[in-house]
Protein chains: 2
Amino acid sequence: MNAESAAPARRRLSRAEAKARTRSLLLDAAARVFARKGFTGASVEEIAEAAGFSIGALYSNFGSKEALFLELLADRHTDRIAEAAQALERHPSGTGEAAAELSRLLIAVADKDTDFAPLQAEFWLYAVRNPEVLDTMAANQRAPRHALEQVISTSLTRHDAPADVSAEAVATVVAALFGGLVRQRRIDPASVPEELFGDALRWLFTGIRTGAAAPSDTDDTA
Amino acid sequence: MNAESAAPARRRLSRAEAKARTRSLLLDAAARVFARKGFTGASVEEIAEAAGFSIGALYSNFGSKEALFLELLADRHTDRIAEAAQALERHPSGTGEAAAELSRLLIAVADKDTDFAPLQAEFWLYAVRNPEVLDTMAANQRAPRHALEQVISTSLTRHDAPADVSAEAVATVVAALFGGLVRQRRIDPASVPEELFGDALRWLFTGIRTGAAAPSDTDDTA
DNA sequence: GCTTTGACATAGCGATCCCTATCTGAATAG
DNA sequence: CTATTCAGATAGGGATCGCTATGTCAAAGC
């Protein structure tokens with residue numbers, strides 16, 4: 001039984017390990033508190049207490065309240081769009097099953113992960129009000145958006161979509177629709193039923209396949 | 001030259017008129033400051049000063065900072081969706097001109113009225129965190145959404161859309177897409193070019209017209 | 001024209017905020 | 001075992017906050 005070489009199994013935590021754990025717990029707590037109270041509304045005392053530590057522990061790990069928030073914004077941007085891309089890849093059929101699964105994902109995000117959308121809104125507001133982090137936000141979107149774009153790209157070519165439809169544009173539309181519907185469901189759940197996102201995606205992709213991008217020519221593919 | 005009978009032209013303001021004017025100026029200033037600093041981040045002193053009055057004037061017109069914010073949320077909800085519906089009604093052609101006009105509206109809202117989206121986000125966050133105003137928010141959406149729904153409904157029937165496609169669902173999708181794209185353009189303008197919203201609407205409506213709603217049967221249409 | 005009213009200004013109170021200076025005790029080094 | 005280091009706890013300072021008590025002066029009532 002190997003017990004000490006590779007895995008840091010159950011040993012008493014070393015100094016560095018304990019500090020890393022504290023840091024991580026503080027970040028988790030900060031995500032919750034920032035989501036529920038907002039950046040300015042959340043107090044560092046509340047965050048530290050929610051993590052089970054003192055204010056001193058927080059300032060021993062982060063330079064300021066703003067630095068803590070920016071760290072969250074920079075590398076805890078677990079974009080649900082990436083999960084959407086994965087869900088799409090699991091269902092290669094393209095239209096039927098995939099749309100239903102994405103609908104389910106949207107409902108789960110809106111109803112279960114209640115902290116996600118508010119925290120995302122806080123990030124967005126902070127970025128709009130502090131343009132120096134706009135690039136950070138755009139960079140965080142890049143990876144998940146690229147994954148979604150890839151899935152959409154293969155789907156478009158497989159269905160002989162018109163060549164002038166860019167996968168990037170479609171990915172932007174899908175992501176914007178996702179976020180917009182999640183927010184709307186929090187305000188009026190009845191207006192965003194379970195299948196709405198899937199229906200919208202089906203409408204969107206059949207419309208693209210039919211070729212409705214260029215208003216000038218009226219083609220009719222083979 | 002008529003000067004005094006009907007229009008309250010330039011006369012010295014009566015007590016009630018002056019108070020109403022002060023109230024209105026305070027609300028305008030509050031909208032700007034709340035949009036730029038957030039609800040908790042904005043101070044009543046800053047709002048009063050932005051309106052050209054003192055703190056006392058603010059508390060003489062509103063019971064508290066929260067009451068001022070709630071008044072904004074309740075009846076200054078000038079939803080841009082209503083303008084979208086009007087734009088759609090002006091262009092009865094249904095697909096071509098209307099989509100382009102809506103694209104222009106989206107760009108104008110995102111780039112020119114820079115306070116609109118942040119204030120809307122503040123309203124949404126406040127409603128999510130204070131469920132007692134969720135109904136107020138839903139009620140504010142009702143009127144503009146209904147207008148959009150009407151326009152969409154006539155468009156659907158005129159184009160012989162499948163009967164199982166509800167105008168309400170389409171209106172929700174269009175509104176969510178609008179809000180999502182406005183936000184995305186603030187983060188990365190290049191990802192939301194001028195025509196994207198119009199393109200998406202064309203895709204959406206041609207997809208609906210083609211009839212892609214029924215989810216149950218194995219697809220692969222004709 | 002005098003009195004009353006009320007819109008708005010001013011000053012300040014209590015609470016809370018972010019942050020820092022200082023201390024403590026356990027993990028490391030020798 | 002002793003000395004050192006440092007993660008984390010504690011206490012408090014300086015600033016700002018929302019809000020109120022009080023004052024002032026012009027419009028409204030007689």
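Per chain, numbering begins at 1; letters A, B, ... match sequence-line order. The basis for the numbers below is simple: all heavy atoms, side chains too, and nothing from hydrogens, waters or symmetry mates.
Checked against side chain to side chain donor-acceptor pair (under 3.5 Å), B:T78 has no partners two or more places apart in sequence or in another chain. B:F197 is linked by a ring-ring contact (aromatic ring centres under 6.0 Å, His included) to B:F178, counting only residues two or more places apart in sequence or in another chain. Partners of B:S43 under the side chain to side chain contact (heavy atoms under 4.5 Å, CB included) rule, at least two apart in sequence or in another chain, are B:E45, B:E46. With sequence neighbours excluded, no residue forms a side chain to side chain donor-acceptor pair (under 3.5 Å) with B:R104. Residues forming a side chain to side chain contact (heavy atoms under 4.5 Å, CB included) with B:T22 (at least two apart in sequence, or on another chain): B:L26, B:F53, B:N61. Shown here are the side chain to side chain contact (heavy atoms under 4.5 Å, CB included) partners of A:A167, two or more places apart in sequence or in another chain: A:E149, A:I152, A:S153, A:L156. Annotation: side chain to side chain contact (heavy atoms under 4.5 Å, CB included) contacts of A:Y59 (sequence neighbours excluded): A:V44, A:I55.
Listed pair A:N61 / D:dA7 fails the phosphate criterion, with no side-chain N or O lying under 4.0 Å from OP1 or OP2.
Screening residues 171-184 of chain A for side-chain hydrogen bond (donor to acceptor under 3.5 Å, both in side chains) gives A:R145-A:T172, A:Q184-A:S191, A:Q184-B:Q141 as the qualifying pairs, with residues at least two apart or on separate chains. Residue pairs satisfying the side-chain hydrogen bond (donor to acceptor under 3.5 Å, both in side chains) criterion with at least one member in residues 24-33 of chain A, sequence neighbours excluded, are listed as follows: A:D28-A:R76.
Both B:A16 and B:G56 lie close to DNA chain D; mapped to their nearest nucleotides by heavy-atom distance, the more 5′-ward contact belongs to B:G56.
More than 12 heavy atoms of other residues, nucleotides or ligands lie within 6.0 Å of CD in A:E101, so this atom counts as buried by the packing criterion.
Nucleic acid contact class of A:Y59 (heavy atoms, under 4.0 Å, all strands): base. Base engagement by B:I55 is indicated by at least one non-hydrogen atom pair under 4.0 Å involving a base atom.
Rounding to whole angstrom units, CZ of residue A:F62 and P of C:dT20 are separated by 15 Å. Between the CD atom of A:E49 and the P atom of C:dC18 there is a distance of 13 Å, given to the nearest Å. Computed from coordinates, the A:E17 CD to C:dA26 P distance equals 19 Å when rounded to whole Å. The distance between atom CG of B:L58 and atom P of D:dC19, rounded to the nearest whole Å, is 9 Å.
Using a 30° and 60° split on the angle between ring planes, B:F69 and B:F34 fall in the perpendicular class, above 60°.
For the segment residues 38-47 of chain B, the set of residues with a heavy atom within less than 4.0 Å of an atom of DNA chain D comprises B:A42, B:S43, B:V44, in numerical order. Shown for residues 63-73 of chain B: no residue has heavy atoms falling under 4.0 angstrom of DNA chain C.
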Pairs under 3.5 angstrom, nitrogen or oxygen only, protein versus nucleotides 2-6 of chain D, please.
{"residue": "D:dT5", "atom": "O2", "partner": "A:R15", "partner atom": "NH2", "Å": "3.0"}
{"residue": "D:dC6", "atom": "O4'", "partner": "A:R15", "partner atom": "NH1", "Å": "3.1"}
{"residue": "D:dC6", "atom": "O2", "partner": "A:R15", "partner atom": "NH1", "Å": "3.2"}

